Amino acid sequence: MPKTLIVLTGPTGIGKTSVGIKIAQYFNTEIVSSDSRQIFKELNIGTAVPDKHELAAVKHHFIQTHSINENYNASRYETEALALLEELFKTRDIVVMVGGSMLYIDAICKGIDIMPDADPEIRAALKKQLEDNGLEDLRLQLKTIDPEYYKTVDLKNPARIIHALEISIQTGKPYSSFRSNQTKTRPFSIIKIALNSEREILHQRINLRVDQMVKTGLEEEARSVYPKKHLNSLNTVGYREWFAYFNGEITREKAIELIKRNSRRYARKQITWFRKDDKVSWFEPSQIKEIIGYIEAQLR
RNA sequence: GGUGCCAUAGCUCAGUUGGUAGAGCAACGGACUGAAAAUCCGUGUGUCCCUGGUUCGAUUCCAGGUGGCACCA
């Protein structure tokens, strides 16, 4: 029997958690989360971690397993999740992956190239260089070090240029030399399913969910991690807006409004990403029967 | 009931001395390889309330209607 990973994804707030549980229960298997923020144990309300009952219904992996203090990233996730999948596939043929983190899903399904983690000191130095001398200065440096990547990189995007530079500098080899542009093959087949609804309904769901998060104590949760607000793991919708409020930069009402807006924008970005993936089949969150039927047809 | 003011993008509004219109916010589209809930790029999406009139031409001027607001009854 071939091993199969069922990937369930879609925009934030669409209802992946409950659909994922139903699929996992139907196939009598476990869930591997592909959510880059639910992975942090310090975060709960704002990341919409599955609740007690949901976690009891099906065994979940990568939920609140790491700390915001770790420098977690898509590559580490690829390594850890792949190792876990290997274990799970020893005793079962189907595993369900549930989550909306686009790059994390791609890391599992397509793989990302091997290269070292960025050296924090080099990154800090490049950030300072950006502040002091501007983006053009970094661009010129990249043009010298890695003319090939310079040709294709988004020259207006500081994050991309800094990353290419930090890898090139710390390894002594151009960043582009690490990029294979190849899809890795996996020892399992993959079925990709994405959930979506009419945009207006999705927005209603998101807005309602944010209101509920606020009611159940999101502000206090954000306050508890406020001392560590500089961490990348907290550069996250639902937290950064509270930090701005705590800093006195915006009102509480404005913070809540921005969480809603930024969640909507994040959802749109996810939809854009998944839309270009022709392996993805789309369903409404209510179409459980159709989803199961589709999976079974694919398994045959 | 009377008088006055208002009616333009999803919202708040600007504007056109008459030549079919533009800001902010919201929204929408896209890029994406160790920060990815990150980072970056792009796009006005419109019966200018309705019906007549004047005019070569009306969102703009005039009349009536409808709706809203304010004041007077």
Side-chain angles (χ1 to χ4, degrees), chain A residues 9-14 16 33-40 43 45-49 68 70-80 99-120 122-124 126-127 130 135 138-139 149 152-168 170-171 175-184 199-200 202-203 206-207 209-210 213 218 222 230-242 254 257-277:
Chain A
T9 190
T12 187
I14 194 67
K16 296 184 289 295
S33 166
S34 55
D35 188 302
S36 71
R37 303 296 136 133
Q38 288 181 1
I39 202 168
F40 295 121
L43 310 181
I45 298 169
T47 54
V49 164
I68 53 173
E70 294 179 48
N71 255 326
Y72 208 75
N73 59 49
S75 178
R76 287 187 53 183
Y77 176 75
E78 179 192 24
T79 305
E80 293 176 10
S101 296
M102 305 154 281
L103 190 60
Y104 283 33
I105 293 169
D106 269 11
I108 296 305
C109 298
K110 301 177 180 174
I112 53 182
D113 294 321
I114 296 161
M115 63 182 82
D117 279 349
D119 181 331
I122 295 178
R123 177 170 292 186
L126 286 166
K127 270 186 181 172
L130 173 65
L135 188 57
L138 295 180
R139 272 195 215 120
Y149 188 59
T152 55
V153 71
D154 177 358
L155 290 169
K156 289 180 177 171
N157 193 330
R160 293 275 143 68
I161 294 178
I162 285 179
H163 184 238
L165 282 174
E166 66 196 3
I167 295 298
S168 303
Q170 75 189 71
T171 62
Y175 174 66
S176 57
S177 69
F178 293 95
R179 289 162 58 90
S180 69
N181 209 12
Q182 281 180 344
T183 300
K184 292 181 190 167
R199 194 61 61 93
E200 196 182 332
L202 174 63
H203 285 181
I206 288 171
N207 296 340
R209 188 164 83 155
V210 171
M213 286 176 175
L218 182 56
H230 58 280
L231 291 174
N232 175 63
S233 48
L234 294 175
N235 185 185
T236 297
V237 175
Y239 297 89
R240 61 204 293 198
E241 298 85 356
W242 287 111
K254 183 70 178 174
E257 189 189 315
L258 285 177
I259 291 171
K260 291 177 184 173
R261 184 200 69 182
N262 292 339
S263 296
R264 279 182 245 126
R265 289 181 176 176
Y266 173 50
R268 176 151 47 86
K269 193 174 75 168
Q270 289 172 302
I271 292 167
T272 297
W273 178 285
F274 299 130
R275 234 179 339 219
K276 75 175 176 185
D277 186 341

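The chains referred to below are lettered A, B, ... by the order of the sequence lines, with proteins before strands, and numbering in each begins at 1. Please read these numbers as outputs of a predicted model, since none were measured by experiment.
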| query | When you check the phosphate oxygens OP1 and OP2 of B:U39, does a side-chain N or O of A:His163 lie under 4.0 Å from one of them? | reply | no
| query | Taking atom P in both B:U16 and B:C6, what distance in whole Å separates the two? | reply | 14 Å
| query | Within a strict 4.5 Å, meaning less than it, do heavy atoms of the A:Glu70 and A:Arg76 side chains meet? | reply | yes
| Closer to the 5' end of RNA chain B via nearest nucleotide, is it A:Lys269 or A:Thr272? | A:Thr272
| said: Counting only side-chain heavy atoms from C-beta out, which of B:U39, B:G34, B:G30 sits nearest to A:Arg160? | reply: B:U39
| Between B:G30, B:A36, B:G34, which nucleotide gets closest to the side-chain atoms of A:Tyr104? | B:A36
| said: Expressed as a whole number of angstroms, how long is the span from A:Leu126:CG to B:G34:C1'? | reply: 15 Å
| query | With a 4.0 Å cut-off on heavy atoms, is A:Thr236 in touch with a base, just the backbone sugar-phosphate, or nothing at all? | reply | base
| query | Which part of the nucleic acid, if any, lies within reach of A:Tyr175 when heavy atoms closer than 4.0 Å are counted: base, sugar-phosphate only, or nothing? | reply | sugar-phosphate
| query | Heavy atoms under 4.0 Å, any strand shown: does A:Asp106 hit a base, just sugar-phosphate, or nothing? | reply | nothing
| remark: Taking every heavy atom of A:Ile114 against every heavy atom of A:Phe178, the minimum-distance pair comes out as O-CD2, 3.6 Å
| What's the shortest heavy-atom distance between A:Leu231 and A:Ile68, and which atoms? | CD1-O, 3.5 Å
| task | Could you tell me the separation between the OH atom of A:Tyr239 and the CZ atom of A:Arg37, rounded to the nearest 0.5 Å? | result | 10.0 Å
| request: For B:U43 and B:G53, measure between their C1' atoms and round to the nearest Å. | output: 40 Å
| task | For the side chain of A:Asp117, starting at C-beta, report the closest nucleotide among B:U33, B:C40, B:G34. | result | B:G34
Taking N or O atoms only and anything under 3.5 Å, show me the protein contacts with nucleotides 23-27 of chain B, one pair per line.
{"unit_1": "B:A26", "atom_1": "OP1", "unit_2": "A:Arg261", "atom_2": "NE", "d": "3.3"}
{"unit_1": "B:A26", "atom_1": "OP1", "unit_2": "A:Arg261", "atom_2": "NH1", "d": "2.3"}
{"unit_1": "B:A26", "atom_1": "OP2", "unit_2": "A:Arg265", "atom_2": "NH2", "d": "3.2"}
{"unit_1": "B:A26", "atom_1": "O3'", "unit_2": "A:Arg264", "atom_2": "NH1", "d": "3.0"}
{"unit_1": "B:A27", "atom_1": "OP1", "unit_2": "A:Arg264", "atom_2": "NH1", "d": "2.3"}

| Which dot-bracket string fits RNA chain B when only Watson-Crick or G-U wobble pairs with both atom distances under 3.5 Å count, crossing pairs get [ ], and | stands for a partner on a different strand? | (((((((..((((.....[..)))).(((((.......))))).....(((((..]....)))))))))))).
| message | In whole Å, measure the gap between the P atoms of B:A35 and B:U12 for me. | response | 43 Å
| said: Base, sugar-phosphate or nothing for A:Asn262? Non-hydrogen atoms, less than 4.0 Å. | reply: nothing
